[in-house]
Asks: 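This is the structure, below, for whatever I ask next.
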Amino acid sequence: MAAHNIFAAMLDRVRNASDALVAAGVLPAGIDLSRVTVEPPRDPTHGDMATNVAMVLAKEAGKKPRELAEAFAAKLNSDEWVAKIDIAGPGFINLTLKLSAWLGALRDAVQRGPDFGKTDLGRGLAVNVEYVSANPTGPMHVGHGRGAVFGDALANLLDAAGFKVTREYYINDAGAQVDVLARSVFLRYREALGQDIGAIPEGLYPGEYLKPVGRALVTEFGDSLTKKRENESLPIVQAETIRQMMATVRDDLAALNIVHEVFFSEQSLIRGNVDQVAATIEWLRARGHVYEGRLPPPKGALPDDWEDREQTLFRSTAFGDDIDRPLKKSDGAYTYFASDIAYHRSKLARGFHTLIDIWGADHGGYIKRMQAAVAALSDGKADLDVKLIQLVRLLRAGEPVKMSKRAGEFVTLREVVDEVGRDAVRFMMLFRKNDAPLDFDLAKVIEQSRDNPVFYVQYGHARAQSVFRNAQAAFADLPSGAKGLLGAANLELLSDPAELALLRQIALYPRIIEAAALAHEPHRIAFYLFDLASEFHALWTQGTASPHLRFIIQNDRELTLARLVLVQGVVTVLASGLAILGVEAPNEMR
RNA sequence: GCGCUCGUAGCUCAGCUGGAUAGAGCAUCAGACUUCGAAUCUGAGGGUCGGGAGUUCGAAUCUCUCCGAGCGCGCCA
């Protein structure tokens, strides 16, 4: 596969130069090249690319960095891409590339279209991304939405980077929580039958959103459930409630264009032929990872109900955790952790060795034990990365939106999506690192100004498309489509520094994809797109003061063609990046 | 008391898994519209990267230690 990442391609060339220097006896055989990088310099006056090869290899080679840099410079001088080489600072090799090298990247972008930026980094490796996994006990709020958007964009990103991604949702439909849910709904059911239920007792879910579920039960069962014993009626109520709550969840996710391939039910772990939770615990016990023992009480203030007792423990300390973790509660039931271990064992059994979980920040204390469990289950061969999603603060024009959870009232995700639209929600959720708190301003995200990055990037795309519309009007016989333009254009006519800056930004895209995919950080795409849009808007506005810099030059068809290809490169990358974020790339702003 | 996530311009945040003189937006100030959509752009000022120590050619980034914020701390999920 040809290298579409121009920086990776140059790194290969540096490595080749290294091999040549080994052959020439300048470098020792088998020297470690793993720390060698080629990257864009922070300061553009340092050229197009910089490599640290001389500094990294100096010690092992027993030579001075600058001396080694001279040797590399001599080799790289004959490279077909290289126009100029400078050695600077402690031993940086600064490379200035010929225009033809950059034009190759632009050609590549326009030629490959939506595939530009995709890499085979993942080599088809199966990755499981588990995200949202909101309990089916109520509507999703914006915090869930952030995790949902993050997980979905990360899945898209990994897909673009050549991984085989499965998007998964874990339904917590077992345990005490859903029992409480069923009892709460049963009250709403009686209420729907016209009975006086009084106030919702403490400990049950008081939310209004359960009323329709109660009414649906009346429609389906009439009053027949009131005539059964609790242990018969409640399971029916519970199953029906979970079914309806999950339908709502899927619906709300669909409003964000989020579709999971796998919905994994916690109940399925224990309701099948084999109790997978028990089986998993025994599996671990057989390997010495589970034992009966006592835990020391927590330091500091002791919980009121602390009682020292022997319990079933997972030896997570053997895998880096701070303390061993209980698998059974005092009533004999499994802990949530126990079924979560069984769940992750299922992921491993289904062939995933790279697991990514998206959790709310309040679950941070849970990471070590889960990673310990995955290590124990896989004998250290599988990797679990947990991405924590920080809180979202809802604002309206700078003022916090009231989010009272009392009486189950809060702003739902659906309300926000309906108010500001899918694109605004998705982009803004991704325009921040996942572990940083996010202010989401309902007024600002629909503002049409540079203040609003969603608009700014989408406007860039729409503006670029308008160039093509205008070009069609200016020239009657323009070739149609990206490849038609490419075939007809003489790209060597691109020469202005502002054009070249844009060109370099386009060429950066595959590198951004790779880095973002490796780091599991989709926000890097959002920031990159903002920068690309910024370069494009800058070039555009220069055309107002300097007409010769406009994309369309009425009496110069050749130059116009070359510039249209450049604009096509912008369109290609903006559309591709926005697709990864799951945001629309509009042709016009309305 | 312990653990996790953080601390970067007045504000909101990036900083490419260790690179060169730390960047962007907002705000402030000064400019550019008979335009390929100014819904935009150009420039200026603004920093002990929370403090200190260490690792090395080189640290906002890695280690340690303080300070501060948020989250969590058998038998909730």
Side-chain angles (χ1 to χ4, degrees), chain A residues 7 35 37 39-43 46 50 52 55-56 58-59 64-65 88-92 94 135 137 172 174-178 266 294-301 303 305-309 311 313 321-326 328-333 335-337 339-340 360-368 388 390-391 431-433 435-437 439 447-453 455-456 459 462-463 466-471 473-474 508 511-512 514-516 518-519 521 523-524 527-528 530-531 534 537-545 547 550-554 560 563 567 588-589:
Chain A
F7 292 89
R35 290 171 55 225
T37 61
E39 34 187 37
R42 194 149 34 197
D43 186 342
H46 290 147
N52 61 359
M55 292 177 292
V56 169
K59 184 174 270 185
K64 290 178 186 160
F92 283 101
N94 291 330
N135 296 337
T137 53
N172 297 133
Q177 210 170 224
V178 284
E266 182 181 0
R294 292 169 191 278
L295 286 178
K299 300 266 165 60
D305 54 351
W306 172 266
E307 109 186 66
D308 186 32
R309 69 177 184 87
Q311 50 191 343
L313 296 167
D321 199 1
D322 311 305
I323 196 166
D324 292 339
R325 304 294 178 174
K328 281 188 179 175
K329 303 188 247 184
S330 53
D331 65 1
T335 59
Y336 177 80
F337 180 48
S339 46
D340 222 2
D362 53 343
H363 291 58
Y366 202 76
I367 294 178
K368 280 188 184 176
L388 293 183
Q390 265 292 352
L391 298 179
F431 202 62
R432 186 109 321 170
K433 221 163 31 183
D435 54 14
D439 286 352
E447 196 173 290
Q448 301 208 335
S449 75
R450 177 163 198 170
D451 224 356
N452 175 11
F455 167 78
Y456 187 74
Y459 177 46
R463 226 180 187 188
S466 82
V467 175
F468 293 111
R469 290 194 290 273
N470 289 312
L508 205 53
R511 181 186 151 82
I512 299 288
E514 286 193 13
L518 281 174
E521 290 183 352
H523 77 275
R524 295 194 197 190
F527 281 92
Y528 164 79
F530 186 81
D531 289 342
S534 177
H537 286 308
L539 180 55
W540 178 295
T541 307
Q542 281 196 41
T544 65
R550 295 184 183 194
F551 299 116
I552 298 168
I553 306 293
Q554 294 293 339
T560 301
R563 288 179 175 170
V567 175
E588 299 177 83
M589 304 302 283

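Just so you know, these numbers come straight off a predicted model, no measurement behind them. Hydrogens, waters and symmetry mates are skipped; everything else that's a heavy atom, side chains included, is used. Just so we're on the same page: letters track the sequence lines, and every chain starts at 1.
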Asks: Report the residues that fulfil salt bridge (charged side-chain N to carboxylate O under 4.0 Å, His left out) with Glu307(A), sequence neighbours left out, ordered by chain and then residue number.
Replies: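 For Glu307(A) there are no salt bridge (charged side-chain N to carboxylate O under 4.0 Å, His left out) partners, ignoring immediate neighbours.
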Asks: Detail all sub-3.5 Å separations between protein N/O atoms and N/O atoms belonging to nucleotides 61-71 of chain B.
Replies:
none

Asks: Suppose we screen for side chain to side chain contact (heavy atoms under 4.5 Å, CB included). Which residues come up paired with Asp439(A), at least two apart in sequence or across chains?
Replies: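 Testing Asp439(A) for side chain to side chain contact (heavy atoms under 4.5 Å, CB included), a comparison that skips the adjacent residues, returns Arg393(A), Leu395(A).
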Asks: Between which residue ranges does RNA chain B form stems of three or more consecutive Watson-Crick or G-U wobble pairs, both distances under 3.5 Å?
Replies: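 Detected stem regions: B:1-7 with B:67-73, B:10-13 with B:23-26, B:28-32 with B:40-44, B:50-54 with B:62-66.
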Asks: Under 4.0 Å, heavy atoms only, any strand: does Ser449(A) hit a base, just the sugar-phosphate, or nothing?
Replies: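 Contact class for Ser449(A): sugar-phosphate only.
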Asks: Could you pull out all residues at least two apart from Tyr459(A) that satisfy ring-ring contact (aromatic ring centres under 6.0 Å, His included)?
Replies: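 If we apply the ring-ring contact (aromatic ring centres under 6.0 Å, His included) test to Tyr459(A), skipping adjacent residues, the hits are Phe455(A), His537(A).
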Asks: Might you list the N or O atoms of the protein lying below 3.5 Å from N or O atoms in nucleotides 11-14 of chain B, with each pair's distance?
Replies:
residue : atom : partner   : partner atom : Å
U12(B)  : O2'  : Arg432(A) : NH1          : 3.1
C13(B)  : OP1  : Pro437(A) : O            : 3.4
C13(B)  : O5'  : Arg432(A) : NH1          : 2.8
C13(B)  : O2'  : Arg432(A) : NH2          : 3.4
A14(B)  : OP1  : Lys433(A) : N            : 2.9

Asks: Classify Asp531(A) by what it touches in the nucleic acid, base, sugar-phosphate, or nothing, heavy-atom distance under 4.0 Å.
Replies: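 No contact.
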Asks: C2(B) phosphate, OP1 or OP2: any side-chain N/O from Lys368(A) under 4.0 angstrom?
Replies: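 Answer no for this pair, as no side-chain N or O of Lys368(A) is under 4.0 Å from OP1 or OP2.
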Asks: Tell me, please, which residues at least two apart from Arg294(A) pass salt bridge (charged side-chain N to carboxylate O under 4.0 Å, His left out).
Replies: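 In terms of salt bridge (charged side-chain N to carboxylate O under 4.0 Å, His left out), with neighbours along the sequence ignored, Arg294(A) is linked to Asp308(A).
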Asks: NA contact type, Arg463(A), heavy-atom cut-off 4.0 Å: base, sugar-phosphate, or nothing?
Replies: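 Sugar-phosphate, no base atom in range.
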Asks: Holding to ring-ring contact (aromatic ring centres under 6.0 Å, His included), I want the full list of residues that pass it with Phe530(A), two or more places apart in sequence or in another chain.
Replies: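 With sequence neighbours excluded, Phe530(A) shows a ring-ring contact (aromatic ring centres under 6.0 Å, His included) to Phe431(A), Tyr456(A), given in chain and number order.
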Asks: Students often get this wrong, so: under 4.0 angstrom with heavy atoms, is Phe455(A) touching a base, only sugar-phosphate, or nothing?
Replies: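 Base, at least one base atom sits under 4.0 Å.
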Asks: Should the side chain of Asp340(A) and the base of A77(B) be counted as holding a donor-acceptor pair, with the cut-off at 3.5 Å?
Replies: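 A donor-acceptor contact between them is absent.
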Asks: Counting only heavy atoms from other residues, nucleotides and ligands, does the tally under 6.0 Å from CZ of Arg35(A) exceed 12?
Replies: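 Check fails, neighbour count at 12 or below.
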Asks: Collect all protein-nucleotide pairs involving nucleotides 41-45 of chain B in which both atoms are nitrogen or oxygen and the distance is under 3.5 Å.
Replies:
residue : atom : partner   : partner atom : Å
C41(B)  : OP1  : Arg450(A) : NH1          : 2.7
C41(B)  : OP1  : Tyr456(A) : OH           : 2.2
C41(B)  : OP2  : Arg450(A) : NH1          : 3.1
C41(B)  : O4'  : Thr541(A) : OG1          : 3.1

Asks: Counting any heavy atom closer than 4.0 Å, what does Ile552(A) reach on the DNA or RNA strands: base, sugar-phosphate only, or nothing?
Replies: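 Since a base atom lies under 4.0 Å of Ile552(A), the category is base.
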Asks: Look at all strands and tell whether Pro326(A) reaches a base, only sugar-phosphate, or nothing, counting heavy atoms closer than 4.0 Å.
Replies: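 Sugar-phosphate, no base atom in range.
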Asks: In chain order, what residues pass the salt bridge (charged side-chain N to carboxylate O under 4.0 Å, His left out) check against Glu447(A), with sequence neighbours excluded?
Replies: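 Listed in chain order: nothing, the list is empty.
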Asks: What residues form a side chain to side chain contact (heavy atoms under 4.5 Å, CB included) with Ile323(A), not counting sequence neighbours?
Replies: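 Expected list: Leu295(A), Pro296(A), Arg325(A).
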Asks: Using the rule for Phe, Tyr, His and the six-membered ring of Trp, do Phe92(A) and A20(B) stack at under 5.5 Å and under 30°?
Replies: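 Yes; centroid distance and tilt both under limits.
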Asks: Does the Thr335(A) side chain pair with the main chain of Lys329(A), one donor and one acceptor, at a distance under 3.5 Å?
Replies: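 Absent.
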Asks: In whole Å, I'd like the distance from the CZ atom of Phe530(A) to the P atom of A24(B).
Replies: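 Those two atoms, CZ and P, are 11 Å apart.
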Asks: Nearest-Å distance, CD1 (Ile323(A)) to P (C73(B))?
Replies: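 The distance from CD1 of Ile323(A) to P of C73(B) comes to 13 Å, rounded to the nearest Å.
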Asks: State which residues pass side chain to side chain contact (heavy atoms under 4.5 Å, CB included) with Ala471(A); sequence neighbours excluded, sorted by chain then number.
Replies: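 Here the qualifying residues are Leu478(A), Ile552(A), Leu564(A).
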Asks: By the 4.0 Å heavy-atom rule, please label Phe337(A) as base, sugar-phosphate, or nothing.
Replies: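 No contact.
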